[in-house]
2 protein chains.
Amino acid sequence: MLPARLHPGGVEAASPGAEAQPLLRRLGRLATLSPAEQAMIAELGRGPLRELPARAEIHPEGVCPPPAALLSGWACRIRMLADGRRQIVAFLLPGDLIGRPPPCLPAPCAALALTRVLLADAQPLFAAGFVHHPPVQTGLGRALRAAELQEEILLRDQVVRLGRQTAYERLASLLLELRQRLEMAGLAQPGRFALPLTQEVLADALGLSVVHINRTVQQMRRDRLIELRGGQVIILQPEALQSVADWQDIPGLRD
Amino acid sequence: MLPARLHPGGVEAASPGAEAQPLLRRLGRLATLSPAEQAMIAELGRGPLRELPARAEIHPEGVCPPPAALLSGWACRIRMLADGRRQIVAFLLPGDLIGRPPPCLPAPCAALALTRVLLADAQPLFAAGFVHHPPVQTGLGRALRAAELQEEILLRDQVVRLGRQTAYERLASLLLELRQRLEMAGLAQPGRFALPLTQEVLADALGLSVVHINRTVQQMRRDRLIELRGGQVIILQPEALQSVADWQDIPGLRD
DNA sequence: CGGTGGTCTTAACATAGGTTGTTGCCGACC
DNA sequence: GGTCGGCAACAACCTATGTTAAGACCACCG
């Protein structure tokens, strides 16, 4: 609704369109984009944006949400059971896409802001990449398609974590996933990144209790694999962490 | 490789093209197909088929498998950890699609036949529905797209199961999922269907040990929710099972 | 300043589910 | 008809993780 320049707080928008940087970076890594496509993506950052505070619902469960791009802040897809148990299905990071172009089935989970978030309407992107041309034909189409496929891969990783890994392994694996994703969006220094998540959120993502997350974090600190304070993670021993987590890199796509 | 008519065993191929029935049924439920599209699908059953015995690998981990349609038999997507732990990520039922049209990222999990399976080359389908036209434009495109979206929904259900449900709830939920999917492919009588899975396979899917699967099955039998013998399940109390599992139907798409 | 609420931390105890090992059934194969 | 392998069933014991509860720290706010 409001133009971008009315949101001075938080986003350090030095150059115009800077809000779209992570999205541009990520999609640009997935396929070669034409200058026109790059411009279209950068334009999103100048278009009408939706700003939401932490804890706000981006879209509820059971609807078919319109395509949006997460420009800044963290969010998640979450599902709740009847008795209140919560499972975070996926984390959404700057540069990620929420919602699908039609035809679209009702989403089985809600999307929730974990921090203050800035959302842009991604309808034009999907229209250009998915609807007007077959996705294979354009760089943008291939990039959007690859983003979808990556999301599916992350979902499968999550299944393996929850199904067959111990608490310690799950935490290691999640941290490595977030690190790589943030790097792909240009938001992490090597070995160090911001993690604006409470232990309760981690618990809901990893299928554990808060108490046990705490135990596990303590242990990982004592083992000198990570440091975690004030919303910042430092990965002290990447190789050790990778071997604990049985980690394999998230594949990309270059045309 | 071999033409369909050289596979007399197992498939009761009364009319020609009968092998493609489940696929036709399922895609036809997802979108309205033109007669030409229906013919193209039926044609798959007459084209060169790939037959594999139980336990055979359909495709390994880490490759980009060509699109195939599972015409008969059960299979699964599975991922293995370095130390041999296995997690079944998804079950593949007759009428399901394996592999993706390019652009495609290396699959993070292998596909494994759980029974004898019959596979057809699905490249023509994806070419027509995805590559030559944008998926929205044709009925086939919409159906293929909906099938993909359904698969993603199943994956999210699986995450919730493994993350937040008890063994008993997981089993209930999986049985309901399989029931609905088999019904959508026209392969289940109401309240009763074939389940050609060993308890070990169930364990690998539900993130449990074989022993505990056995305990859980016994309990569910004692509670008179299901019968399970000789590869057949009878759901005795569907509503009770649904309330245990916190079940919601898998959404479909009708144009 | 002193509440108030959110988050992290720790401890004690409870339990769902894992592990190991044995038995019995049944169909396949010689 | 015997033997063998795969599978289901069951028991005894063990452990990872959940639950409940309470204190410490910190940010915010009146």
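Reminder, nothing fancy here: chain letters follow the sequence lines and each chain counts from 1.
- Proximity of B/N214 to the phosphate of D/dA8: no side-chain N or O atom is located under 4.0 Å from OP1 or OP2.
- When each of D/dA8, C/dT9, C/dC8 is scored by its nearest atom to the side-chain atoms of B/T198, the top-ranked nucleotide is D/dA8.
- A straight line from CZ of A/R222 to C1' of C/dT10 spans 11 Å, rounded to a whole angstrom.
- For the pair A/L171 CG and C/dC8 P, the interatomic distance rounds to 13 Å; values are reported in whole Å.
- A close approach under 4.0 Å does not occur between any side-chain nitrogen or oxygen of B/R55 and OP1 or OP2 of D/dG6.
- Residue A/S209 is in base contact, counting any heavy-atom pair closer than 4.0 Å across all strands shown.
- Between B/L197 atom CG and D/dG6 atom C1' there is a gap of 15 Å when expressed in whole angstrom units.
- Positionally, the nearest nucleotide of DNA chain D for B/V217 lies more toward the 5' end than for the other of B/V217 and A/R215.
- Between the CZ atom of A/R229 and the P atom of C/dT9 there is a distance of 12 Å, given to the nearest Å.
- Within the 4.0 angstrom heavy-atom criterion, no nucleotide atom of any strand lies near A/R164.
- Contact annotation for A/R170: no contact, since no heavy-atom pair falls under 4.0 Å across all strands.
- Rounded to an integer number of Å, the gap from CD of A/E200 to C1' of C/dG5 is 13 Å.
- Listed for the B/R79 side chain is no donor-acceptor partner under 3.5 Å among the backbone atoms of B/C109.
- In this model, a donor atom of one side chain and an acceptor atom of the other lie less than 3.5 Å apart for A/R161 and A/Q158.
- Across the protein-nucleic acid pair, A/L208 atom CG and D/dT19 atom P stand 11 Å apart, rounded to whole Å.
- Residue A/R85 is out of contact with every strand shown, counting any heavy-atom pair closer than 4.0 Å.
- When all heavy atoms are compared, the tightest approach of A/I58 to A/A75 is CD1-CB, 3.7 Å.
- A donor-acceptor contact shorter than 3.5 Å is absent between the side chain of A/Q180 and the backbone of A/D249.
- Using a 4.0 Å heavy-atom distance criterion, A/G207 is classed as a sugar-phosphate-only contact.
- At whole-Å resolution of the value, CG in B/L206 and P in C/dG18 are 11 Å apart.
- Taking for each of B/Q199 and B/V211 the nucleotide of DNA chain D with the nearest heavy atom, the 5'-most of the two is the partner of B/Q199.
- Taking atom NE2 on B/H212 and atom P on D/dA9, their separation rounds to 15 Å, with Å as the unit.
- For the residue pair A/R26 / A/Q21, no side-chain donor-acceptor distance below 3.5 Å is found, with atom types taken as modelled.
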